[in-house]
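Take a look at the structure below.
In the text below, chain A, chain B and the rest are named by the order of the sequence lines, each starting its count at 1. Below, each value reflects all heavy atoms present in this structure, side chains not excepted, and no hydrogens, waters or symmetry copies.
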Amino acid sequence: MDKVKVNMFVNGKPVSLEVKPYARLLDVLREDLGLTGTKEGCGVGECGACTVIVDGETVNTCLTLAASMDGKHITTIEGLMENEKLHPIQEAFIKHNALQCGFCTPGLIMSAKALLDSNPNPSTEQIKVAISGNLCRCTGYEQVVDAIKEVAEKSK
Amino acid sequence: MPLMGQKNFRVLNKPVTRVDALDKVTGRAQYAADLNFPNMLYGGCLRSGLSHANIVKIDTSKAKAIPGVKAVLTAADVPKPKSWADYYYLADKIRYIGDVVAIVAAESKEALSDALKAIEVEYEELPGVYTIDEALEPNAVQVREKGVGLVDGIPTPGTKGNAFLESYFPIRKGNVEEAFKKCDVIIEREYRTQFIEHSYIEPEACVAVSNPVDGTMTVYSSSQNPHFSRRYIADALQIPMNKARLVQQTLGGSFGGKEELVGLTVGRAALLAKATGQPVKMVLNREESFLESSKRHPFRIRYKVGATKDGKILAFEGQLVDNAGAYNNQTQFMNCRASIHSAGVYNIPNVKTDTFGVFTNNIHGGAMRGYSSPQIIFAQESLMEELAEALNMDPIELRRKNLLKQGDLTITSQKLVQPTIISEMLDHVLEKTDFVAKREAYNKQTGSKQKGIGLVTCYRGAGLGAETVDASGAFITALEDGSVLINSGTAENGQGLKTAYSQIVAETLGVKVEDIHHIGVDTHAIPDSGMTVASRGTVMGAQSMKKAAEKLKILILETAKEMLNASPLDEVIIEDSVCFLKSEPSRSVSLGEVCNNRLWAGKQLAVYEWFEPKPLNPDHHTGQGDVFPTYAYACVVAEVEVDLETGYVDVLKVTAAHDCGTVINPATAKGQIYGGIAMGMGFACTEEVEVNKGKLRTKNFDSYIFPTAVDVPEMDAILFECDDTEGTFGAKSLGEPATEAVGAAIANAVNSVLVRTKGERLRRLPFDLERVVLGKSLRAGGNA
């Protein structure tokens, strides 16, 4: 099968790739680009472990064809630190013990970032809705919500 | 000493930041599926789609001919198709839906997928048994040769059936027959629970890499128990254990689940790596994980309980049967625990219970957070409500009258010598939740949406107890810059073990937490300490770590005293990695300087210590004797709103009080409790692996529903402490207690509404929409 040429921006850097037409964005990120912080938990768009931000919106990369990414700007968990400095959401997750096994953590952080980028002062309910596509089996979400709330409070 | 905060520690009791947090928030933590090696192949498994069948013929020739396919293996191609732990790497017969008939290694995922489809297998389907009831029918198909039948309700050698002897644990205390004669009220009830999926977000994964020079097979894997997984490498390949090496990667959740299936996956990947001479990565997809992974055992629990009219429970009888599925590696250990806890946290003089498992052709039960307790506490605490109803007594009063107190005897006749604070906890939680007033107010509700409130009291034997020996080893070495390396045979599974161990070493030795690095388990670098299970990691597993730190401290103090010219009367203190004279703190030397001095003087800087628990030897025929070093108590209250038209249960609030003994880290302790509440809510309301004749209807998270952030209730985690001398620094188990009572509390809250509005009560979990509205499930067939 012919490959498809894709020009996209990943974590701010231009990337040109030839991908199989059926290749999932998840596999291209993890295998072709070595960005393994994006995880696969279910493969059917339910768990949100593979969440990244594409042009400001969260997407499940297990349901996204890489070939559809031409011209798009993609942010993964690896793109959050600036000049070796943690993003405030990452700092808050550490401070609030908002993680245990950590497998869902990158996806949760990406969902939180997309929320706060578009709505810096969300209500608790809005935070919960924003991360409701990210399944976590360890934390019960309590300290995750606390962490995101704190970042939102600080931005006021 | 009720609530946390009255103990005097420097590092413990503090919300120290998780030592692995930075790696996890940046995405750089390496899980098994993240690894890649040169020339790596992709491995995969073929399953039959059947629950019980003979394999008549397998033809792999077409699969082998596909370009890029490097190996296709069936049971005939490997030295030992059956694993040491009952399950098969490659099955010779289909005994349940998860059995694997062939494994493939290929250069690409496409070639792998094509090869799995090209394998031709002819099956002969067989009748099977799937439920506990079917398994116990007199002429049931015998699933396993070693199965036995029942005589007088007890598994009996020399008979044919599906119960199995090693899973049988009786409790015989006092004389129930005589005691029932003295009871004013006797009730008999049956309760049932469902198959539950662990639902760790990371599916099982590993990479096997063979070293052609020395023959060592190394597997990097998502193992909960690395040394347990190592056994599968040596077993599958039939090589010496010193040539089998397992390195645990960051683990994406487990809850008891990444034991047997990860072991089998590790063995299969090792077989393919050996056959091809190339590294092989095996990553299960979610559907495969649902099919083959263990589940929480469904139980059928029949109870008979008798009390005097003023509410003193005199006699308790029970039969607790669990569905083990087609294979078994856990039921015997789990049923030991189940039997010990089969009558709850109450002082009952006469007890007779029988706990055993049955084989079926269903998916299999294994270890899952609680290890029988969520099921038994649901039954037990439902029974307490029903007994109170029959006695026309407040269930709180019934509990108060019967709760165990210090000095009382448990149902194994173990005398509770340690603080037994459950009554105090009950009072605190009742007051904090305003339980009685709310219950009264809720009784006056009308309409289709009604609130309910439910209560549970329970306890849990801490650590492994009589299940198996709770010994452990730990290694600690100080380096010449004052930093410290530690390692343990027990493993970080996401629960926070590395952080807790670092705090315990910091507290003991006086070194800063940030100067400690816990290496993690490489089986070639740290000896086996038994499994990281049973909520034992801190309470018992860390005892050896504390011992090692104490030993190292003696060595360091010896040199520090010399360097500080201390007199024999001077006491030297180590705090924040500085050694100083207690009487003159300005006379100090850094830990690094002391270690550097010892290094160049040729003195010992590394310690390995072993902890052996005191012996526990209950009588297997009666279950009588000391069975756990100590017990952790819990009181949980759930508040719900039930929509009587749709059956939707909205869990509004859960208040969970836990006797932690000593809280090592309040932030991670609360994290355990919050996560445990969410998991307990799923157990009560939505979660069920639905099976019909062993075939799964729920195979992914689109149909297997557990709580999201919008579903979880308001949560109040209350941390109690007490002066218990058994665990490390007085700590008790928490990981499993955090979830075990929650489902039962929610069930009691929902039933308070159903009894009030419909005069009915549910006795079968989960309380999903259909069961709440109809009293039964239309979908879930033959589960338990």
Minimum heavy-atom separation for [X] to [Y], with atom names?
X: B:Phe701; Y: A:Cys47; result: CD1-CB, 4.1 Å
X: A:Lys39; Y: B:Ala29; result: NZ-O, 3.9 Å
X: A:Tyr141; Y: B:Thr708; result: CE1-C, 3.3 Å

Proximal component of [X], with respect to chain A [non-hydrogen, under 4.5 Å]:
X: B:Arg18; value: side chain
X: B:Asp702; value: both
X: B:Thr250; value: side chain
X: B:Ile677; value: neither

At a heavy-atom distance under 4.5 Å, which candidate from [options] has the highest pair count against chain A?
options: B:Ala709, B:Ala717, B:Gly27, B:Gly494; answer: B:Ala709
options: B:Pro203, B:Ala678, B:Pro15, B:Gly253; answer: B:Pro203
options: B:Pro713, B:Ser289, B:Gly252; answer: B:Gly252
options: B:Thr668, B:Asn285, B:Ile673; answer: B:Thr668

Is A:Lys20 paired with B:Glu110 through a side-chain N to carboxylate O contact shorter than 4.0 Å? yes
Does the pair B:Glu687/A:Arg137 count as a salt bridge with the N-to-O cut at 4.0 Å? yes
Go through [options] and name the one with the most non-hydrogen pairs under 4.5 angstrom from chain B.
options: A:Gly37, A:Gly34, A:Cys42; value: A:Cys42
options: A:Leu80, A:Asn97, A:Val145, A:Ile89; value: A:Asn97
options: A:Glu31, A:His96, A:Glu91; value: A:Glu31

Any non-hydrogen side-chain atom of [X] less than 4.5 Å from a side-chain atom of [Y]?
X: A:Leu135; Y: B:Phe706; answer: yes
X: A:Asp27; Y: B:Lys109; answer: yes
X: A:Ile109; Y: B:Val25; answer: yes
X: A:Val44; Y: B:Glu287; answer: yes
X: A:Leu86; Y: B:Leu22; answer: yes

A:Lys113: which residues meet the salt bridge (Lys or Arg N to Asp or Glu O under 4.0 Å) condition with it, sequence neighbours left out? A:Asp117
A:Glu142: which residues meet the salt bridge (Lys or Arg N to Asp or Glu O under 4.0 Å) condition with it, sequence neighbours left out? none
So if I take each residue of residues 122-132 of chain A and look for any heavy atom under 4.5 Å from a heavy atom in chain B, which residues do I end up with? A:Lys128, A:Val129, A:Ile131, A:Ser132
Quick check for you: to the nearest 0.5 Å, what is the distance between [X] atom [atom1] and [Y] atom [atom2]?
X: A:Asp146; Y: B:Lys670; atom1: CG; atom2: NZ; result: 10.0 Å
X: B:Thr26; Y: A:His87; atom1: OG1; atom2: NE2; result: 14.0 Å
X: A:Leu99; Y: B:Asp23; atom1: CG; atom2: CG; result: 10.5 Å

Is there a donor-acceptor pair closer than 3.5 Å between any side-chain N or O of A:Arg30 and the backbone N or O of B:Ala33? yes
B:Lys14 atom NZ, neighbour heavy-atom count above 12 within 6.0 Å: yes
NZ of B:Lys295: more than 12 outside heavy atoms within 6.0 angstrom? yes
For residues 100-108 of chain A, which side-chain N or O atoms pair as donor and acceptor with protein atoms under 3.5 Å away, sequence neighbours left out?
{"from": "A:Gln100", "atom 1": "OE1", "to": "B:Gln672", "atom 2": "NE2", "distance (Å)": "3.3"}
{"from": "A:Gln100", "atom 1": "NE2", "to": "A:Cys138", "atom 2": "O", "distance (Å)": "3.3"}
{"from": "A:Gln100", "atom 1": "NE2", "to": "B:Gly671", "atom 2": "O", "distance (Å)": "3.0"}
{"from": "A:Thr105", "atom 1": "OG1", "to": "A:Gly102", "atom 2": "O", "distance (Å)": "3.3"}

